[in-house]
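A short worksheet on the structure shown next.
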Amino acid sequence: MEDVVFGSLALTCLLVAILTVAGLWLTFEKAGYAGWMALVPVLNLFVLVQIAEKPEWWIVLYLLPLINAVAGVLVTQAIAERFGRSTLFGVGLFLAPWLCYPILGFGEDDYIPDADLD
């Protein structure tokens, strides 16, 4: 019985991870970056900061406890804004990436650079 529960949980986690990576991959491609960059740790944070159009040194903020959460929320809100989404959706990108990145990646939203938002 325990094997069935563990196997089901492991399969569910694998499917959620695949869905999240697929959504992030497509989000990167929509923003003009190579999708495979979503698979590389640290590089994917660098690309997310670039998509959010924040300074490159913001990567350092991800290394600082508590500040990393604030930086993460600000980056995801900026990403949501670049795709024409609300601030609440940006919070969703931070709190539920397995749900929101597939919505962004597979959806009809287009990347809008900061210069075009003005």
Handout entry: From Ser8 atom OG to Asp3 atom CG, the distance as rounded to the nearest 0.5 Å
Key = 10.5 Å
Practice task
For residues Leu61 and Leu74, determine if any side-chain heavy atom of one lies less than 4.5 Å from a side-chain heavy atom of the other.
Solution key: no
Handout entry: Heavy-atom side-chain proximity of Tyr101 to Val21 below 4.5 angstrom
Key = no
Completion exercise
The reported gap from CD1 in Ile51 to OG1 in Thr27 (rounded to nearest 0.5 angstrom) is 7.0 Å
Exercise for the section: Could you tell me whether Leu63 atom CG has more than 12 heavy atoms of other residues or ligands within 6.0 Å of it? Expected result: yes
Problem - Under the side-chain hydrogen bond (donor to acceptor under 3.5 Å, both in side chains) test, residues paired with Asp109 that sit two or more places apart - result: Arg85
Practice task
Examine Val60 and Val70 and state if one hydrophobic cluster contains both, with Ile, Leu, Val, Met, Phe, Trp and Tyr joined whenever side-chain heavy atoms are less than 4.5 Å apart.
Solution key: no
Exercise for the section: Evaluate whether atom CG of Leu11 has more than 12 neighbouring non-hydrogen atoms of other residues, nucleotides or ligands under 6.0 angstrom away. Expected result: yes
Practice task
Report yes or no: does Lys30 contribute a side-chain atom to a donor-acceptor pair with the main-chain N or O of Leu104 at less than 3.5 Å?
Solution key: yes
Exercise for the section: Answer yes if Leu95 and Trp98 sit in the same cluster of Ile, Leu, Val, Met, Phe, Trp and Tyr residues linked by side chain heavy atoms under 4.5 Å apart, and no otherwise. Expected result: no
Practice task
May I ask whether Tyr33 and Ile59 are part of the same hydrophobic cluster, defined by side-chain heavy atoms of I, L, V, M, F, W, Y residues being less than 4.5 angstrom apart, directly or through others?
Solution key: yes
Exercise for the section: Answer yes if Phe94 and Leu99 sit in the same cluster of Ile, Leu, Val, Met, Phe, Trp and Tyr residues linked by side chain heavy atoms under 4.5 Å apart, and no otherwise. Expected result: no
Practice task
Test Phe46 against Val42 for side-chain contact (heavy atoms from CB on, under 4.5 Å), laying out the working first.
Solution key: CA-CA 6 Å; Phe46 180 76; Val42 182; 5.8 Å; no
Practice task
Determine the minimum heavy-atom distance between Leu93 and Cys100, stating which atoms define it.
Solution key: CD2-CB, 3.5 Å
Practice task
Mind listing the closest non-hydrogen atom pair of Pro55 and Val49 along with its distance?
Solution key: O-CG1, 3.4 Å
Completion exercise
When rounded to the nearest 0.5 Å, the distance separating CG of Asn44 from CE of Met37 is 10.5 Å
Fill in the blank from the handout: Nearest heavy-atom approach of Ala80 to Ser86 is CB-O, 3.6 Å
Exercise for the section: Taking side-chain hydrogen bond (donor to acceptor under 3.5 Å, both in side chains) as the test, write out the residues that go with Trp58, two or more places apart. Expected result: none
Handout entry: Working for side-chain contact (heavy atoms from CB on, under 4.5 Å), residues Val40 and Val47
Key = CA-CA 10 Å; Val40 182; Val47 172; over 6 Å; no
Problem - Connected via hydrophobic side-chain network under 4.5 Å: Leu14 and Phe6 - result: no
Exercise for the section: First locate atom OH of Tyr111, then atom CZ of Arg82, and finally report the distance between them rounded to the nearest 0.5 Å. Expected result: 6.5 Å
Problem - Pairs involving residues 68-80, ordered by first then second residue, that meet side-chain hydrogen bond (donor to acceptor under 3.5 Å, both in side chains) (sequence neighbours left out) - result: none
Problem - CD1 on Ile112 to CD on Glu81, rounded to 0.5 Å - result: 9.0 Å
Fill in the blank from the handout: In this structure, OH of Tyr62 is separated from CD1 of Ile67 (nearest 0.5 Å) by 13.0 Å
